[in-house]
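All remarks here apply to the structure that follows.
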Amino acid sequence: MTALGFLCPSHSAEDDYPRIEQLLGSDVRVELVHTDAGEDARRTDALSRLGTPERLAAAAQELRHAGADAVVWACADGSFGYGWEGAHEQVRSLARTAGMPASSTAFAFVHAIRELGVGRVAVGAACPEDVTALFADFLRADGIEVVGVHSAVGGAPDEAAVLSLARSADRPEAEAVLLPDTALRTAAHVPALEKELGKPVLTASQVTVWEALRLADRRVNAPELGALFTREPVVQA
């Protein structure tokens, strides 16, 4: 049994995680613990307060007691909002506190892009333009070429709206489309998104769970979760 731990600052799309757990198979368990979300972090001046060591520490201890093999801070803007170096320090601190391998949704996107072997991406986010721009800067810090950035404040509550967001973000030269908002329910829609766009689509909950599996040294073949979950070598779900 592989136990994956996630720290979430909100309840917006938490049902994505049990859905993904079902798709991964009976020997993968998902543990979800909520942190103190504090104020609305969709403002750039609030991002640095969302994922402080103090806020993550108590929740991380819960995951440790639950027997998690790895922990991921499941918040995109609360990780890339710290900048490249700050986000590294954030996960180092989390790993020390939790006593296990740690990462964040921001780095999950970076590692997933490397896994797919793509270099040019387009970004579509349901958040303000200045916050989305911070994510694009984070990707560029790792040498990833961001060929398009689209913001649509207000969220995307259903499959049609998520697809509209992805379409609006896509560019012909993009090799993959990224939807970094952890408040969007996307786990059920990835195959439809990839079929519509004809390229890999990376979403927040999808890459966050994949990152936890990577930290736990697991590979699971789950095509229902998109191209990211069809890479070799695999352990059949």
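We use all heavy atoms of the structure for the numbers below, so side chains are in, but hydrogens, waters and symmetry mates are not. The structure presented is a predicted model; accordingly, all values stated were derived computationally and were not measured.
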Legend entry - Flag side-chain contact, heavy atom, 4.5 Å: Thr186 against Ser205: yes
Inset, instruction - Give a yes-or-no answer on whether the side chains of Thr105 and Ser79 include a donor-acceptor pair shorter than 3.5 Å. - result: no
Inset, instruction - Mind telling me whether Phe107 and Trp84 have parallel, tilted or perpendicular rings, with 30° and 60° as the class edges? - result: perpendicular
Legend entry - Close side-chain approach of Phe229 and Leu23, heavy atoms under 4.5 Å: no
Legend entry - Distance (rounded to the nearest 0.5 Å) between Arg19 CZ and Leu24 CG: 13.0 Å
Inset, instruction - Could you grab the distance from atom CG of Leu7 to atom CG of Leu56, nearest 0.5 Å is fine? - result: 6.0 Å
Inset, instruction - Would you name the heavy atoms of Asp16 and Ala187 that are closest together and state the gap between them? - result: OD2-N, 3.2 Å
Inset, instruction - Treating Ile, Leu, Val, Met, Phe, Trp and Tyr as nodes and any side-chain heavy-atom pair under 4.5 angstrom as an edge, say whether Ile20 and Val28 lie in one connected cluster. - result: yes
Legend entry - 4.5 Å side-chain heavy-atom contact, His34 and Glu14: yes
Inset, instruction - Give a yes or no answer on whether the side chain of Glu175 reaches the backbone of Arg120 with a donor-acceptor pair at less than 3.5 Å. - result: yes
Inset, instruction - Give a yes or no on whether a salt bridge exists between Asp137 and Arg140, defined as a side-chain N under 4.0 angstrom from a carboxylate O. - result: yes
Legend entry - Residue pair Ala136 / Val149: nearest heavy atoms and the distance that separates them: CB-CG2, 3.9 Å
Inset, instruction - Could you grab the distance from atom OG1 of Thr97 to atom CG of Leu63, nearest 0.5 Å is fine? - result: 12.0 Å
Legend entry - Verdict with reasoning, Phe6 to Thr182, per side chain to side chain contact (heavy atoms under 4.5 Å, CB included): CA-CA 12 Å; Phe6 302 96; Thr182 48; over 6 Å; no
Inset, instruction - Quick one: do Glu196 and Leu163 satisfy side chain to side chain contact (heavy atoms under 4.5 Å, CB included)? Show the steps, please. - result: CA-CA 8 Å; Glu196 173 72 18; Leu163 181 54; 3.5 Å; yes
Inset, instruction - Any chance you could measure Thr2, atom OG1, to Leu215, atom CG, to the nearest 0.5 Å? - result: 12.0 Å
Inset, instruction - Following the transitive rule for hydrophobic clusters with a side-chain heavy-atom cut-off under 4.5 Å over Ile, Leu, Val, Met, Phe, Trp and Tyr, establish whether Val190 and Trp210 coincide in one cluster. - result: no
Legend entry - side chain to side chain contact (heavy atoms under 4.5 Å, CB included) between Ser93 and Val91, intermediate numbers included: CA-CA 5 Å; Ser93 175; Val91 297; over 6 Å; no
Inset, instruction - Determine, using the 4.5 Å side-chain heavy-atom cutoff (strictly less than), whether Val72 and Ile113 are members of one ILVMFWY cluster. - result: yes
Legend entry - Rounded distance (nearest 0.5 Å) linking atom CG of Asp130 with atom OG1 of Thr132: 8.0 Å
Inset, instruction - Kindly work out whether a path of hydrophobic side-chain contacts (I/L/V/M/F/W/Y, heavy atoms less than 4.5 Å apart) joins Phe138 to Val123. - result: yes
Inset, instruction - Hey, could you give me the CD/CD distance between Glu173 and Glu145, rounded to the nearest 0.5 Å? - result: 8.0 Å
Inset, instruction - Over all heavy atoms of both residues, which pair between Asp181 and Ala126 is shortest? Give the atoms and the distance, please. - result: OD2-O, 3.0 Å
Inset, instruction - Answer yes or no: is there a side-chain heavy-atom contact under 4.5 Å between Met100 and Arg64? - result: yes
Legend entry - Joint cluster assignment, Val147 & Val177, ILVMFWY side-chain distance < 4.5 Å: no
Inset, instruction - State, yes or no, whether a side-chain contact exists between Thr52 and Arg55 at a heavy-atom distance under 4.5 Å. - result: yes
Inset, instruction - Kindly indicate, with the supporting measurements, whether the criterion side chain to side chain contact (heavy atoms under 4.5 Å, CB included) is fulfilled by Tyr17 and Thr208. - result: CA-CA 10 Å; Tyr17 293 92; Thr208 297; 4.0 Å; yes
Inset, instruction - Work out which heavy atom in Gln206 is nearest to a heavy atom in Gly226; give both atom names and the distance. - result: NE2-CA, 4.3 Å
Legend entry - Residue pair Ser104 / Gln90: nearest heavy atoms and the distance that separates them: CB-OE1, 4.4 Å
Inset, instruction - Work out which heavy atom in Val33 is nearest to a heavy atom in Ala59; give both atom names and the distance. - result: CG1-CB, 3.5 Å
Legend entry - Ion pair check, Arg218 and Asp69, cut-off under 4.0 Å: no
Legend entry - Backbone of Val201 reached by a side-chain donor or acceptor of Glu194 within 3.5 Å: yes
Inset, instruction - Tell me, yes or no, whether the heavy-atom count around Glu129 atom CD, taken from other residues, nucleotides or ligands under 6.0 Å, exceeds 12. - result: no
Inset, instruction - Using the test side-chain hydrogen bond (donor to acceptor under 3.5 Å, both in side chains), find all partners of Arg214 that sit at least two apart in sequence or belong to another chain. - result: His111, Glu211
Legend entry - Heavy-atom side-chain contact between Glu115 and Leu228 under 4.5 Å: yes
Inset, instruction - Give the ring-plane orientation class for Phe135 versus Phe109, where under 30° counts as parallel, over 60° as perpendicular and anything between as tilted. - result: perpendicular
